[in-house]
2 protein chains.
Amino acid sequence: MDGTLRPPRRLEPEARREQIVAAAVCYFAEVGLGGTTRDLAQRAGVTQALLYRYFSSKADLLEAVFERVFLGRLDPRWIAEIRDRRVPLRDRLCRFYRQYAAAIFTYEWMRIFMWAGLAGEALNRRYLGHVAERLLAPLREEIAADGSCQAPDMEAMWALHGGIVYLGIRRFIYQLPAPDDVGPAIDGSVNRFLAGLAVSPSAEASSRGARPSAGRSGRVPSRR
Amino acid sequence: MDGTLRPPRRLEPEARREQIVAAAVCYFAEVGLGGTTRDLAQRAGVTQALLYRYFSSKADLLEAVFERVFLGRLDPRWIAEIRDRRVPLRDRLCRFYRQYAAAIFTYEWMRIFMWAGLAGEALNRRYLGHVAERLLAPLREEIAADGSCQAPDMEAMWALHGGIVYLGIRRFIYQLPAPDDVGPAIDGSVNRFLAGLAVSPSAEASSRGARPSAGRSGRVPSRR
DNA sequence: TTGCTTGTTGATCATCTGATCAACTGAAAC
DNA sequence: GTTTCAGTTGATCAGATGATCAACAAGCAA
């Protein structure tokens with residue numbers, strides 16, 4: 001007799017829907033939003049027709065995938081912690097970016113976000129607008145309020161953000177070797193960023209000539 | 001009489017192939033590598049069947065697109081300029097990244113590179129390996145050789161690189177507003193980066209407590 | 001004009017893809 | 001056991017897609 005218990009053919013609608021969405025997140029992350037319903041069904045272990053009992057169309061299914069992947073990724077507590085001036089600024093920055101990275105540095109999030117971005121989904125712009133207003137702007141204000149730093153402009157904040165997010169892009173989009181533990185790299189970026197904004201920097205902080213200036217900076221004299 | 005001169009129906013093979021590749025670069029950048037040969041043909045102003053006179057398959061056509069977009073984008077003179085120690089380090093960095101940005105911050109390059117990366121093309125990994133070995137590593141060596149800086153590790157170089165490249169990602173992938181002239185933002189990133197690596201940084205460079213350390217950095221004490 | 005070469009086209013094929021539907025089936029209710 | 005309801009399936013449709021091919025036509029030589 002066969003001891004292996006096969007999954008029951010009939011499932012609660014809740015459970016079946018869950019199973020399909022979970023498989024869809026994984027599948028579309030891998031092959032892109034152009035993946036076929038047939039391949040997805042096979043991977044989910046159901047027939048293709050069944051998908052249309054739970055979702056009215058492929059677009060509807062993708063909607064559920066987006067919701068699953070993006071909804072609730074931005075923890076509102078982060079904002080409170082960013083603002084908590086009892087904690088040293090540096091620690092707040094490092095802590096926030098470690099948490100942020102832990103939230104979005106997954107195969108599914110990174111890739112679906114990028115596929116959706118290329119496809120022109122409005123969702124991405126909404127999300128990044130949110131990041132700018134609710135996360136980067138507060139971070140910037142906190143840095144500006146800290147006496148030890150020159151106030152960075154938003155472009156500087158995006159540069160810090162991009163340098164960190166690029167870790168996830170290297171790993172999950174380009175599939176290049178990247179640190180397993182991104183913590184040290186994040187701390188390094190934050191440390192360099194703050195040190196780069198430090199007030200009254202020593203004149204010879206970098207090589208001779210140009211003075212270090214935060215953010216907007218002057219033109220670099222073209223060579224010769 | 002109709003003064004408008006229509007394009008001749010018959011073209012030199014060279015010219016026709018050129019016309020198709022040019023249209024293909026633009027088309028696939030927009031819709032992704034899954035775009036159809038019919039839509040492409042319509043956009044190029046030729047029939048779909050004609051594509052197969054110039055390319056044996058869609059994959060073959062995509063090969064030509066990749067070649068067109070990626071080949072020769074990395075100017076070998078950059079390496080010489082990076083190494084030219086007669087020029088101040090800061091100027092070399094700014095100059096290089098301005099040139100690099102001018103080379104790759106185009107709708108076509110950015111998007112095709114990202115589509116190809118998501119699709120798992122080996123091409124991307126080759127290209128970025130090249131960037132790491134021929135560009136970032138020399139930059140790192142030059143910074144290390146400059147007396148005014150602590151030597152950054154490769155992760156720090158990737159963070160600088162990512163912060164700058166993310167400008168192009170914001171603009172061409174996510175289609176968010178971004179500076180038209182990326183020059184100042186690049187100078188700002190370079191300036192902050194170098195200042196962040198400056199030797200013997202003042203102890204209160206950033207907020208109280210942790211010492212600024214370049215690159216690998218220590219753990220951040222978790223709150224409470 | 002005639003004939004040849006070759007760039008170009010419309011039609012067509014086999015397959016794939018999103019979507020639909022009648023029929024089947026397992027489990028709970030009676 | 002029988003009935004009933006709802007989850008599931010195989011078959012199928014219409015349109016899209018990569019690829020092919022015989023036929024057409026523009027330029028050139030004789």
Side-chain angles (χ1 to χ4, degrees), chain A residues 1-2 4-66 112 115-116 119-121, chain B residues 2 4-66 112 115-116 119 121:
Chain A
M1 33 300 232
D2 187 0
T4 62
L5 55 159
R6 285 164 311 172
R9 276 171 58 100
R10 288 169 73 99
L11 246 58
E12 300 278 313
E14 294 277 314
R16 184 67 82 191
R17 189 186 156 94
E18 166 58 31
Q19 173 194 18
I20 291 172
V21 172
V25 166
C26 178
Y27 173 70
F28 287 120
E30 181 179 331
V31 308
L33 311 186
T36 70
T37 55
R38 277 177 174 75
D39 283 350
L40 164 60
Q42 186 173 17
R43 236 199 244 203
V46 300
T47 59
Q48 185 238 4
L50 190 60
L51 300 181
Y52 289 87
R53 176 138 188 120
Y54 293 90
F55 304 95
S56 64
S57 66
K58 184 183 168 185
D60 186 36
L61 170 55
L62 280 175
E63 204 63 40
V65 168
F66 290 152
I112 288 186
W115 285 118
E121 295 284 337
Chain B
D2 185 1
T4 62
L5 54 159
R6 286 164 310 172
R9 275 170 57 100
R10 287 169 74 98
L11 246 59
E12 300 277 315
E14 294 277 314
R16 183 67 81 190
R17 188 187 157 95
E18 166 59 31
Q19 173 195 16
I20 292 173
V21 172
V25 165
C26 177
Y27 173 70
F28 287 119
E30 181 179 331
V31 307
L33 312 186
T36 70
T37 55
R38 278 178 174 75
D39 284 351
L40 164 60
Q42 186 174 16
R43 236 199 243 204
V46 300
T47 58
Q48 185 238 3
L50 191 62
L51 301 180
Y52 289 87
R53 176 137 189 119
Y54 292 90
F55 304 95
S56 63
S57 66
K58 184 184 168 185
D60 187 35
L61 170 56
L62 280 174
E63 203 64 37
V65 168
F66 290 151
I112 288 187
W115 286 117
E121 295 284 337

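Since this is a predicted model, take the numbers as computed values, not measurements. Residue numbers start from 1 in every chain, and the chains themselves are labelled A, B, ... in the order their sequence lines are given, proteins ahead of strands.
On a pure distance criterion of 3.5 Å, no polar donor-acceptor pair joins the side chain of B:Arg16 and the base of C:dG7.
Note: NZ (A:Lys58) to P (C:dT17) measures 9 Å, nearest angstrom. The OH atom of A:Tyr54 sits 17 Å away from the P atom of C:dT20 (whole-angstrom rounding). Between the P atom of D:dG18 and the CZ atom of B:Phe55 lies a distance of 15 Å, rounded to the nearest Å. Going from atom CD of A:Gln42 over to atom P of C:dT17 covers 12 Å, rounded to whole Å. To the nearest angstrom, P of C:dG7 lies 19 Å from CD of B:Gln48. What separates CZ of A:Arg10 from C1' of C:dG26 is a distance of 5 Å, to the nearest Å. Atom pair A:Arg38:CZ and D:dT12:C1' shows a separation of 10 Å (rounding to whole Å applied). Residue A:Glu12 contributes atom CD, which lies 9 Å from atom P of D:dG7 at whole-angstrom precision.
An OP1 or OP2 oxygen of D:dG18 is reached within less than 4.0 angstrom by a side-chain nitrogen or oxygen of B:Thr37. Considering only side-chain N and O atoms, A:Tyr52 lies under 4.0 angstrom from the phosphate OP1 or OP2 of C:dA19. At the phosphate of C:dG7, OP1 or OP2 sits under 4.0 Å from a side-chain N or O atom of B:Arg53. Close to C:dT8, at under 4.0 Å from its OP1 or OP2, lies no side-chain N or O of B:Thr47.
Looking at heavy-atom distances under 4.0 Å, A:Gly45 makes no contact with the nucleic acid at all. Contact annotation for B:Gly34: no contact, since no heavy-atom pair falls under 4.0 Å across all strands.
Considering every non-hydrogen atom in both B:Lys58 and B:Gly35, the closest pair reads NZ-O, 2.8 Å.
Listed candidates were D:dA11, D:dG7, D:dC21. Nearest to the side chain of A:Ala49 is D:dA11.
Looking at A:Phe28 and A:Leu40, their side chains come closer than 4.5 Å, going by heavy atoms from C-beta outward. Residues A:Asp39 and A:Val31 form no side-chain contact, since every pair of their non-hydrogen atoms from C-beta on lies 4.5 Å or further apart. Residues A:Leu33 and A:Phe66 have side chains in contact (heavy-atom distance under 4.5 Å, counting atoms from C-beta outward).
For the side chain to side chain contact (heavy atoms under 4.5 Å, CB included) with A:Phe55, the lone residue among A:Leu62, A:Leu61, A:Thr37 that qualifies is A:Leu61.
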